[in-house]
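Below is one structure, written out as structure tokens; comments come after it.
Proteins get letters first, then strands, A, B, ... in listed order; numbering begins at 1 in each. We use all heavy atoms of the structure for the numbers below, so side chains are in, but hydrogens, waters and symmetry mates are not.
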There are 2 protein chains.
Amino acid sequence: MQKREAATVINISSIKAACKDCTLQELCLPLGLNEVDVAALDKVIKRRRTLKKSEMLYRFGDPLRALYAIRSGALKTTGLIEDGRAQVTGFYLPGELLGIDAINTDKHPCSAEALETSEVCEIPYGALEELATKIPGLQHQLLRIMSREIVRDEEMLMMLGRMSAEERLASCLMSFSRRLSRLGGAPAEFKLSMSRQDLGDYLGLALETVSRLLSRFHDEGLIEVHGRQITLRDLNRLRNMAAGNGREHNASAQ
Amino acid sequence: MQKREAATVINISSIKAACKDCTLQELCLPLGLNEVDVAALDKVIKRRRTLKKSEMLYRFGDPLRALYAIRSGALKTTGLIEDGRAQVTGFYLPGELLGIDAINTDKHPCSAEALETSEVCEIPYGALEELATKIPGLQHQLLRIMSREIVRDEEMLMMLGRMSAEERLASCLMSFSRRLSRLGGAPAEFKLSMSRQDLGDYLGLALETVSRLLSRFHDEGLIEVHGRQITLRDLNRLRNMAAGNGREHNASAQ
DNA sequence: CGTAGCTTTGAGTGTTATCAACTCTCGTGG
DNA sequence: CCACGAGAGTTGATAACACTCAAAGCTACG
């Protein structure tokens, strides 16, 4: 936890580029590439950057310079609506790629902010695209990641369009559980890095509604809540709830 | 409009591949490619397919074989929720590309259905990806189109998460106007190819709410409605409404 | 010209937002 | 070590917006 100047100097090469040593390889761009190709990708990746809580990675309208792979921490992206209203368009966890929505116009259509201290790898976009023409596996992986983002957004669309507040929150909790478990954490216990307000802005709910629902889930034995520390107690019922079951027949009979 | 067997034979080559003659070039994959590259793309595109109203282009879970460029007509994509509820994840107009959300898992995560008689160009995905490694401009265009889809989905997220029913419908009408005007139609007058139910399933509203809002917009002089025929009468007020203005100060003053 | 599906309109209800007050937590400084 | 304050979270009361159910009117197509 302590910072030592000497260490900084010694590790400078590994700080700059370390895809081949990164534990997130299997979730990130290098997935499916051979050693030589990973080395080529490494050369393109500029530097690792550390963000403190509430620091901005980029802002709405900024020119697209790079994509960012999350190494640790968590970020949120927010779209812009003039009046006070904000829409959180996504939460991003380690192994996920940020900024791909800027490729269309070469400008970021949303802002990205760190929810806690976070490390990101900066991948200059021009160089990445060029490299992708040379490494078919990289192009494939890039297209896959973009497609995954589309699928994720479409799932959110269904959530916001058709699900009740209860279903949305259950769905969101299950999503965090799933994504965090890939990182090796216990799938049923985690700490939310975002406020109730952020959750509400993501789920299209008022922060009070989020709070009330968490309390109710707790009362019903579905979860344990201590501030931002969450423990999922009944994954099956949560899964059912997220899937929209127990709606027709009033949730009483199974 | 009449079909002649002779013509079919004569035009078979142009039916199979005609990117270079297509009026939608500027909106579609060939955008930015030179003549030689368009010819190469032409070779890859398999055939044009005609769909009748309510015919399915692909279904949820189908393996990804091809992407589809819309030449004429209109389609909707719907996600699956078990109980009666449906979420329309998108409407697709000529010049737009369908199926890119399947690249992630090689399976279509939604179903695509024709809203009216439609023509699509079938672009085998494997061949397209391979070609994209050879033509950097094609890779670039493909990435741009996918990024655009992400941006569009994120705009929908804001709409569903933070906007009132009124704002959603205004926003949707403006979107149709914008997209149709690129095709050369009058930007203020068009025929909806989808039912009120579909619009509701897209906007996260009940069909009755859509109908009521259209009536109200009409009463307020914003639009003209005759069944599915829509004329936008006050683009400025609609634009303002879609942007969420006239909300704070009760819409009375300006 | 009849039927089936789509659309409009009405009445009543419910989920969720809003406003408001209170509590908790945690970090800071006396 | 405890008091204080600020931000975050909880809980309650009320109200609005949009849903649901219901019935009638329209349109289009055979």
Protein-nucleotides 12-16 of chain C N/O pairs closer than 3.5 Å?
from: C/dT16; atom 1: OP1; to: A/A165; atom 2: N; distance (Å): 2.8

Are there any protein N/O atoms within less than 3.5 Å of an N/O atom in nucleotides 26-28 of chain C, and if so, which ones and at what distance?
none

Which pairs, protein N/O on one side and nucleotides 4-9 of chain D N/O on the other, fall under 3.5 Å?
from: D/dG9; atom 1: OP1; to: A/R228; atom 2: NE; distance (Å): 2.9
from: D/dG9; atom 1: OP1; to: A/R228; atom 2: NH2; distance (Å): 3.4
from: D/dG9; atom 1: OP2; to: A/R196; atom 2: N; distance (Å): 3.1

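One atom, NE2 of B/H226, and another, C1' of C/dT7, lie 15 Å apart when rounded to the nearest Å. Going from atom CZ of B/R85 over to atom P of D/dC19 covers 13 Å, rounded to whole Å. If you take CD of B/Q229 and C1' of C/dT7, they are 16 Å apart, rounded to a whole angstrom. Spacing between atom CZ of B/R162 and atom P of D/dC17 amounts to 16 Å, rounded to whole angstrom units. Whole-Å rounding puts the B/L169 CG to D/dA18 C1' distance at 14 Å. Atom NZ in B/K53 sits about 8 Å away from atom P in C/dC6, given to the nearest Å.
The stretch residues 191-238 of chain B participates, sequence neighbours left out, in these ring pair (Phe, Tyr, Trp, His ring centres under 6.0 Å) pairs: B/F91-B/Y202. Here salt bridge (Lys or Arg N to Asp or Glu O under 4.0 Å) pairs that include residues 213-223 of chain A, with residues two or more places apart or in two chains, are A/E166-A/R216, A/R216-A/E220.
The CG atom of A/L203 sits 9.0 Å away from the CD atom of A/Q87 when rounded to the nearest 0.5 Å. Atom CG of B/L205 is separated from atom CZ of B/R196 by 13.0 Å, given to the nearest 0.5 angstrom.
Side-chain contact check for A/L160 versus B/L157: some heavy-atom pair is nearer than 4.5 Å. Proximity of B/E149 to B/D101: side-chain heavy atoms (C-beta onward) are nowhere separated by under 4.5 Å. In this structure the side chain of A/I100 never reaches within 4.5 angstrom of the side chain of B/M146, judged on heavy atoms. Residues A/R48 and A/E122 have side chains not in contact (no heavy-atom distance under 4.5 Å, counting atoms from C-beta outward). The shortest side-chain heavy-atom distance between B/H108 and B/L64 falls under the 4.5 Å cut-off.
Taking B/R182 as the reference, nothing meets the side-chain hydrogen bond (donor to acceptor under 3.5 Å, both in side chains) condition, with sequence neighbours excluded. Looking at residues two or more places apart in sequence or on another chain, you find a side chain to side chain contact (heavy atoms under 4.5 Å, CB included) between A/K107 and A/T105. Applying the side-chain hydrogen bond (donor to acceptor under 3.5 Å, both in side chains) rule to B/S175 yields the partners B/R179; only residues at least two apart in sequence or on another chain are considered. Scored by the side-chain hydrogen bond (donor to acceptor under 3.5 Å, both in side chains) test, B/R228 finds no partners at all (sequence neighbours excluded).
Judged by distance alone, the side chains of B/T89 and B/T77 do bring a donor and an acceptor atom under 3.5 Å apart. Donor-acceptor pairing under 3.5 Å is lacking for the side chains of A/S211 and A/E208.
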Which atom pairs, donor and acceptor, lie under 3.5 Å between side-chain atoms of residues 52-63 of chain B and protein residues at least two apart or in another chain?
from: B/E55; atom 1: OE1; to: B/K52; atom 2: N; distance (Å): 2.8
from: B/D62; atom 1: OD2; to: B/R59; atom 2: N; distance (Å): 2.8

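Counting atom types as modelled, B/R216 pairs no side-chain N or O with a base atom of C/dT9 as donor and acceptor under 3.5 Å. The base of C/dC19 is paired with the side chain of A/E208 by a donor and an acceptor separated by under 3.5 Å.
An end-to-end axis angle of 30° holds for the helix from C/dC1-D/dG30 to C/dG30-D/dC1, taken from five base pairs per end and rounded to 10°.
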Fill in the blank from the handout: Given protein heavy atoms under 4.0 Å, the one-letter contact record of nucleotides 23-30 of chain D, with B base, S sugar-phosphate only and - none, is simply --------

